[in-house]
Amino acid sequence: MLANAVPLERAFYERPTEVVAAALIGALLVVEDPVQGTLAGRIVETEAYLDQKDRASHAAPGPTARNIVMFAEPGRSYVYFIYGMYHCLNVVARADRAAGAILIRAVEPLAGLETMAERRSAATRWQDLASGPGKLTRAFGISAAHHDLSFSEPPLRLLAAPDMPGNPVMASPRIGIRHCADWPLRFFESNNPCVSRSMLNRTAHLLHGVPWSPEDTPIVRP
DNA sequence: CAATAGATCATCT
DNA sequence: GATGATCTATTGC
């Protein structure tokens with residue numbers, strides 16, 4: 001599967017952030033570990049973080065030392081450290097020259113499961129090796145060393161979704177934020193056991209056509 | 001099941 | 001000095 005997979009090209013990332021976030025569902029994340037070899041997973045959950053009008057986004061205050069890559073070249077990584085303990089992996093993407101990034105929240109492990117299991121001893125089933133943004137970076141060994149790298153060459157690669165049947169994509173509010181908590185910018189594959197938390201008890205809906213964006217505005221904005 | 005506490009630090013006010 | 005795009009263990013129904 002990995003042998004025939006094609007890297008995502010620049011045009012893929014140069015679209016509205018929420019469109020790219022939805023389109024990443026089903027794509028393959030591949031990380032070359034210098035010691036353990038190839039680790040791979042199929043993306044099953046993402047969240048879009050927009051520009052200054054999105055108060056939940058790191059880009060909201062405008063460019064700073066930490067978030068500057070969100071304003072820079074699409075198709076590169078934005079890795080940050082949070083809660084004194086975890087790293088989060090983002091993909092820079094947007095249509096204009098504003099800012100935007102997509103948090104990779106969960107993947108379905110495909111290769112390197114033994115390495116992931118060693119690093120994620122708390123996981124009791126393979127579906128939970130990377131079923132959350134912090135779990136994923138721990139399983140894949142992603143750290144600050146992976147910040148601001150291209151996704152088009154090792155050690156970080158994003159490959160187009162293989163021509164495989166996948167379940168429908170759904171949208172819901174983002175998780176773990178205070179501001180703009182109603183914006184439906186979380187995307188996940190329905191009925192996939194590798195999606196983080198429970199998708200129940202949350203208002204999720206099937207994604208028809210392009211994802212919602214703030215300009216559409218039926219949602220109550222703070 | 002659901003709710004909560006604690007770990008732990010880079011970043012920004 | 002407070003905050004946070006989290007995870008895990010533990011407690012209580």
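This is a predicted model, so every value here is computed, not measured. Chain letters run A, B, ... following the sequence lines, proteins first, then strands; residues in each count from 1.
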inquiry  = Rounding to an integer number of Å, can you tell me how far A:Leu103 CG sits from C:dG4 P?
reply    = 16 Å
query = Between atom CD1 in A:Ile175 and atom P in C:dC7, what is the gap in whole Å?
reply = 9 Å
ask   = Salt bridge or not for A:Arg94 and A:Glu14, using N-O below 4.0 Å?
value = no
key: Side-chain H-bond candidate by donor/acceptor type, A:Glu189 with A:Asn192, under 3.5 Å   = yes
query = If you draw the axis of the six-membered ring of A:Tyr49, does the NZ or CZ of A:Arg174 fall within 45° of it and under 6.0 Å from the ring centre?
reply = yes
message = If I take atom CG in residue A:Leu129 and atom C1' in nucleotide C:dC7, what distance separates them, rounded to the nearest angstrom?
response = 14 Å
message = Using whole Å, what does the distance between atom C1' of nucleotide B:dT8 and atom NE2 of A:His87 come to?
response = 12 Å
request  = Give one of base, sugar-phosphate or nothing for A:Ala122, where a contact means two heavy atoms less than 4.0 Å apart.
outcome  = sugar-phosphate
ask   = Contacts to DNA chain B from residues 57-82 of chain A, heavy-atom cutoff under 4.0 Å, which residues?
value = A:Thr64, A:Arg66, A:Phe81
task = May I ask you to check whether A:Ser196 and A:Arg105 show a side-chain donor-acceptor distance below 3.5 Å?
result = yes
task = Is it possible for you to say whether A:Leu136 and A:Leu113 belong to one hydrophobic cluster, with membership spreading through side-chain heavy-atom contacts below 4.5 Å?
result = yes
query = Between A:His87 and A:Tyr80, does the ring centre distance come in under 6.0 Å?
reply = no
key: Joint cluster assignment, A:Ile68 & A:Tyr78, ILVMFWY side-chain distance < 4.5 Å   = yes
request  = Quickly work out the A:Arg119 CZ to C:dC7 C1' distance and round it to whole Å.
outcome  = 18 Å
message = In the structure I gave you, are the side-chain heavy atoms of A:Tyr86 and A:Pro133 within less than 4.5 Å of one another anywhere?
response = no
request  = Specify the separation, in whole Å, of atom CZ of A:Arg55 and atom P of C:dT3.
outcome  = 14 Å
message = Under 4.0 Å from OP1 or OP2 of C:dT6: is there any side-chain N or O of A:Arg138 that close?
response = no
inquiry  = Without decimals, in angstroms, what is the distance between A:Lys135 NZ and C:dA5 P?
reply    = 18 Å
ask   = Under 4.0 Å between a side-chain N/O of A:Arg105 and OP1 or OP2 of C:dT6, yes or no?
value = yes
inquiry  = In dot-bracket form, 5' to 3', how is DNA chain C paired? Count Watson-Crick and G-U wobble pairs only if both distances fall under 3.5 Å, and write | where the partner sits on another strand.
reply    = ||||.|||||||.
request  = Assign A:Gly84 to base, sugar-phosphate, or nothing according to its heavy-atom contacts below 4.0 angstrom with the strands shown.
outcome  = base
task = Send over the distance from A:Glu47 CD to C:dT6 C1', rounded to a whole Å.
result = 12 Å
message = A side-chain contact here means heavy atoms from C-beta on lying under 4.5 Å apart; do A:Pro155 and A:Leu149 qualify?
response = yes
ask   = Given side chains that start at C-beta, do those of A:Leu39 and A:Arg119 come closer than 4.5 Å, heavy atoms only?
value = yes
Write down the protein N/O and nucleotide N/O pairs, taken from nucleotides 4-7 of chain B, whose separation is under 3.5 Å; answer none if there are no such pairs.
none

inquiry  = Using side-chain heavy atoms (C-beta onward) and a distance below 4.5 Å, is A:Ile175 in contact with A:Glu45?
reply    = yes
inquiry  = Is it true that, when you exclude A:Arg97 itself, more than 12 heavy atoms of the residues, nucleotides or ligands shown sit nearer than 6.0 Å to its CZ?
reply    = no
